[in-house]
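Some notes on the structure that comes next.
Predicted model only: the values in this text are computed from it and were never measured. Just so you know, ligand 1 is whichever comes first in the structure, and atom 1 is the first atom listed for that ligand.
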Amino acid sequence: MEKDNVCINCYNQIDKVAKVLKLGQAELDILTIPKRILTFSFPVKLDSGDIRYFTGYRVQFNDARGPTKGGIRFHPEVNLEEIKTLAFLMTLKCAVANLPYGGAKGGIMIEPKQFSEEELERVSRGYIREINGFIGHDVDIPAPDVNTDSKIMAWMLDEYEKLKGRHSPATITGKPIALGGSKARDFSTSIGGAYVLQELTETFDMKPKKTSVAVQGFGNVGMNIARILHEWGYKVIAVSDSKSGIYNKNGLNIKDVISHKQKTGQLSKFKNSGEISNEELLELKTEVLVPAALEDQITKKNAGSVKAKLILEMANRPITPEADDALLEKGVFVMPDILANAGGVVVSYFEWVQNSQNFYWSEKEVLEKLKTYMANAAKELSKVCTDFKCDMRASLYINAVKKILEAERLRGNLR
Ligand code: NAD
């Protein structure tokens with residue numbers, strides 16, 4: 001097979017699992033070479049009247065289990081290798097969460113802050129004109145990602161529907177509710193992670209009232225998980241954003257913290273709390289640590305100082321591979337991102353189901369179903385962990401890879 005398109009990062013990530021599962025060359029090719037890669041440039045008229053060309057990508061990694069699914073990010077550092085890796089991770093995430101999807105990812109090299117809203121609309125529509133022949137509710141279903149949101153999804157859907165001359169809401173998820181978006185989508189990633197944590201605290205016999213939690217990052221994911229865990233009775237002792245962090249060993253009232261941040265634009269100077277740096281937050285004595293900001297926050301430099309018993313990876317790749325090994329050796333339990341933050345894609349799947357049947361669910365129904373999906377995936381994972389005597393991350397990869405290869409085998413694509 002032509003090897004030019006091999007995703008090197010994917011190869012590195014699958015290496016350990018390949019040995020455990022004794023994968024052959026054809027299996028490795030399926031898991032490291034994307035099925036389809038689109039790279040293109042397209043013109044956009046700027047407000048000044050000038051024309052600017054943008055580079056876009058869409059990678060559909062594997063579709064053995066169903067149409068491919070994955071977000072579209074707007075970022076100046078978007079590049080093909082990154083998009084391939086993220087599409088591979090989406091393939092694994094959908095398999096782990098038992099969604100009938102493969103994985104994809106897309107992106108545009110753009111610094112969105114430098115463009116007006118009208119320009120961003122033209123960029124979004126231009127991107128869809130390039131990929132419209134390769135997406136669809138039963139082919140590939142985009143969604144929001146870094147720097148893209150429900151407003152951008154609405155423009156993208158509108159452009160797609162104009163080109164096709166018919167309504168097709170199930171082609172794009174993460175839409176505003178008025179255009180067929182799902183209830184609970186905006187906090188689905190956080191509540192999905194909270195459901196996984198609930199499963200774990202039951203296993204570890206940790207009672208919410210006696211369980212302290214520190215959350216790094218106070219954006220969509222961090223703020224919502226801190227709020228939900230506080231509402232469920234957990235003791236959220238520290239939170240931080242890019243500017244500052246706050247700490248109270250007896251617990252913070254997160255509802256008040258949110259109002260304080262909305263009023264003052266910052267976390268610092270919150271009543272009855274001390275200041276804490278991001279570095280200190282990661283090293284706090286706490287039962288649960290929730291990195292919910294950026295990648296590479298726990299590295300081999302600070303892994304030795306982490307005192308948490310359990311880490312719930314809500315951000316993507318917050319722990320480097322070296323730090324992961326060090327934490328494992330120390331006996332820190334890590335619930336990896338690929339399951340911990342899968343709640344968003346599960347509710348995207350629910351949105352697609354609701355659009356397909358033209359029948360919409362209440363928030364209660366969405367959350368009940370989400371809880372079942374997250375709890376089942378967590379239970380399935382502990383079984384794989386026991387069967388293969390592997391850590392959580394390796395077990396998640398084994399579980400996903402087995403499902404993807406089984407689908408390929410049933411299709412006759414593997415012996
Ligand atoms: P966001 O932009 O809404 O929030 C990011 C937060 O991190 C902000 O509060 C920011 O101030 C803070 N931050 C930035 N740098 C920091 C630093 N050095 N230390 C501490 N805090 C810092 O982003 P989000 O949507 O909440 O996403 C957070 C993470 O979760 C990302 O890794 C993202 O890829 C991942 N994720 C998000 C979703 C989702 O549905 N939004 C789904 C899956 C994964």
From the options [options], select the one whose nearest heavy atom is closest to [atom].
atom: atom 8 (C) of ligand 1; options: Gly174, Ser242, Gly219; result: Gly219
atom: atom 26 (O) of ligand 1; options: Val345, Val347, Val221; result: Val221
atom: atom 28 (C) of ligand 1; options: Ala315, Ser277, Ala292, Gly192; result: Ala292
atom: atom 19 (N) of ligand 1; options: Leu86, Leu267, Asn278; result: Asn278

Holding to side chain to side chain donor-acceptor pair (under 3.5 Å), I want the full list of residues that pass it with Glu199, two or more places apart in sequence or in another chain. none
Does Ser273 have any side chain to side chain donor-acceptor pair (under 3.5 Å) partners at least two apart in sequence or in another chain, and if so, which? none
With a 4.0 Å heavy-atom cut-off (strictly under), which part of [X] contacts ligand 1: side chain, backbone, both or neither?
X: Asn316; answer: both
X: Met314; answer: backbone
X: Thr189; answer: side chain

Using non-hydrogen atoms of the residue, decide whether Ala293 is closer than 4.0 angstrom to ligand 1. yes
Val146 N/O under 3.5 Å from ligand 1 N/O: no
If I compare all heavy atoms of Asp140 with all of Ala104, which pair ends up nearest, and what's the gap? OD1-CB, 3.5 Å
What protein heavy atom sits nearest [atom], and how far off is it?
atom: atom 3 (O) of ligand 1; value: Asn220 N, 3.0 Å
atom: atom 21 (N) of ligand 1; value: Asp241 C, 3.3 Å
atom: atom 18 (N) of ligand 1; value: Leu294 CD1, 3.8 Å

Would you mind checking if [Y] and [X] are paired as a salt bridge, meaning a charged N to carboxylate O distance below 4.0 Å?
X: Glu119; Y: Arg52; answer: no
X: Asp205; Y: Lys207; answer: yes
X: Arg125; Y: Asp158; answer: yes
X: Glu118; Y: Arg122; answer: no
X: Glu408; Y: Arg411; answer: no

Under 4.0 Å and counting heavy atoms only, is there anything from the protein next to atom 23 (O) of ligand 1? no
Phe115 and Phe54: aromatic ring centres closer than 6.0 Å? yes
Atoms in ligand 1 flagged as close to Asn341, the criterion being non-hydrogen separation under 4.0 Å: 43 (C), 44 (C)
